[in-house]
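Reviewing the structure listed below.
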Protein chains: 2
Amino acid sequence: MNFEENQLFSGIAPDQVDRMLPCLEASRRDYPAGKLMYSYLSGQASAAVLLEGKASVVRYESSGSRTILESLSPGSIFGAGLDFHTEILGSVHVICDTPCRVLFLNYEKMIRPCSSACPRHLDLVQNILAILSRKSRLLGERVEVLSQRSIRDKLLCYFSQLSCKTGSSTFLLPFSMMDLADFLSVNRSAMVRELRSMREDGLIAMTKREVTLL
Amino acid sequence: MNFEENQLFSGIAPDQVDRMLPCLEASRRDYPAGKLMYSYLSGQASAAVLLEGKASVVRYESSGSRTILESLSPGSIFGAGLDFHTEILGSVHVICDTPCRVLFLNYEKMIRPCSSACPRHLDLVQNILAILSRKSRLLGERVEVLSQRSIRDKLLCYFSQLSCKTGSSTFLLPFSMMDLADFLSVNRSAMVRELRSMREDGLIAMTKREVTLL
DNA sequence: ATAAATATGGTGCAAATGCAACAGACAAAA
DNA sequence: TTTTGTCTGTTGCATTTGCACCATATTTAT
């Protein structure tokens, strides 16, 4: 199996990866865009790593509204053992935004040192560590944005994160207006209204999906 | 140094821990309740583990409002390399709720395999992995709550998490009303108002800090 | 090219939330 | 005990947000 350059197996030779996979109860799958890739339900694999593609962790409320809980990119780790847990309140799923390649794993097997068969298991653990710390940093950012009390503050906080990451006050939004609203967990038309008002107040400039913080 | 039973060094003999500490650039500190323990600023230790006590990661907005970003308990890991990053928008600090004992560490040194001096370094990495995955699970829960759109839904989501954890529909709130509001990132009086209305609607019962989901 | 479907921007109105202020409860300190 | 300070519950009012529409732009399918 060829995993090319991905964070999970970086530094481990392909033939050694092959020997490790059974011991992790690993199974690789491909999904087309728009497909449901994973549900946070018991009986599902406890962990998964996105090898290729983009996907979103979304919750559909009984009211019909949707929330984007997390955006996944190659190298992202997710699963019932790691992040969300299904509440009775709504169902949480992972949906592919683009065609995706995923590796499902047994989380318990992954983190415990295994008997002998896997000489590179500890390299794997190091890699998972790097992936997990990135994840908690991203979730921390998410908490920062969502804990802002007004739509304007949520937008400003999110924009300043993007600006920080790109190192420029001008950046491209990775979302459509609808998805951005679901990501910030606010009403779409209220958000558009607020964006207009922020433009009028001279806080931002915006053309299409290109935003500049002023 | 005696770290008793804490997650970071579990499974590692005390004398071996002592030999590892310098290589992690570790320094232990004690703080009284109410004290500022850590700030998310450059120049600070990149990681820290709470050994004893309880603490809160809080942000103070320029508007004066406060947000509790995370609640830390013994075994929690935090720090600039791992979760929040200082935005221009407000300052993020860790404040002791009770007297605390903290271990500051160099995160980079901690996760990289070191030359030779530390035979148990890989056990340490395994332990950090467990701590980190718990952290991302907690942050995921936090995102679930904060992404609820109304105060009522935030409360219900948080209550059902507590109910889930205790395995009972009756549980004790770990917060005062003021802190709960800052944790849910909503106005305190609006929250109290909503709690009353939920009681009237027969959704919950409440006496002091004891809540029952109905 | 045309039609259909979907995304965006906008508005009035209702509902939810925030804010300020106050009184009583409770706890800590003198 | 009294005093002081903090927490809680409550209310009226201003502001924000959500919601239900609609019109137009943009994309996708036929």
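Throughout, protein chains are lettered first and strands after them, A, B, ... in sequence-line order, and every chain is numbered starting at 1.
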*Closest nucleotide of DNA chain D for A:Ser65 versus for B:Met177: which of these residues is on the 5' side?*
B:Met177

*With a 4.0 Å cut-off, would you call B:Lys135 and B:Glu70 a salt bridge?*
yes

*If you look at every heavy atom in A:Val145 and A:Lys154, which pair is closest and at what distance?*
O-CG, 3.4 Å

*When you look at A:Val94 and A:Leu36, which way does the side chain to side chain contact (heavy atoms under 4.5 Å, CB included) test go after all the steps?*
CA-CA 6 Å; A:Val94 181; A:Leu36 172 74; 5.9 Å; no

*When you measure from every atom of DNA chain C, which of residues 205-214 of chain A have a heavy atom less than 4.0 Å away?*
none

_For A:Leu82, is there any backbone N or O sitting under 3.5 Å from a side-chain donor or acceptor partner on B:Ser136?_
yes

*Flag the pair A:Phe84 / A:Phe78 as yes when their ring centroid distance falls below 6.0 Å, and as no otherwise.*
no

*If you pin B:Ser150 and A:Arg188 to their nearest nucleotides in DNA chain C, which one's is more 5'?*
A:Arg188

*For B:Asp30, what residues pass the salt bridge (Lys or Arg N to Asp or Glu O under 4.0 Å) criterion, not counting sequence neighbours?*
B:Arg101

*So, B:Thr98 side chain and B:Lys54 main chain: donor-acceptor pair closer than 3.5 Å or not?*
yes

*Can any side-chain N or O of B:Asp201 pair as donor or acceptor with the backbone N or O of B:Leu203 at less than 3.5 Å?*
no

*asked:* Does B:Arg29 have more than 12 heavy atoms from other residues, nucleotides or ligands lying within 6.0 Å of its CZ?
replied: no

*Check every nucleotide of DNA chain C for an atom under 4.0 Å from a heavy-atom of chain A, then give the first and the last such nucleotide from 5' to 3'.*
C:dA7 to C:dG12

*Is the side chain of A:Gln161 donor-acceptor paired with the backbone N or O of A:Glu141 at a distance under 3.5 Å, no angle test?*
yes

_Give the residues of residues 189-204 of chain B touching DNA chain C, defined as any heavy atom closer than 4.0 Å, sorted by residue number._
B:Ser189, B:Ala190, B:Arg193, B:Glu194

*Look only at the side chain of B:Ser65 and the backbone of B:Glu61, and say whether a donor-acceptor pair between them is shorter than 3.5 Å.*
no

*Side chains of A:Leu173 and A:Phe159 in contact at under 4.5 Å (non-hydrogen atoms)*: yes

*Got A:Ile68 and A:Asp179 here, is their nearest side-chain heavy-atom distance under 4.5 Å?*
yes

*So how far off straight is the helix from C:dA1-D:dT30 to C:dA30-D:dT1, going by the axes through five pairs at either end, to 10°?*
50°

*What are the 5'-most and 3'-most nucleotides of DNA chain D lying under 4.0 Å from any heavy atom of chain B?*
D:dC7 to D:dG12

*Where do A:Arg199 and A:Ile204 come nearest, in terms of heavy atoms and distance?*
CG-O, 3.5 Å

*Are A:Arg209 and A:Phe171 in a cation-pi contact, defined as NZ or CZ under 6.0 Å from the six-membered ring centre and within 45° of the axis?*
no

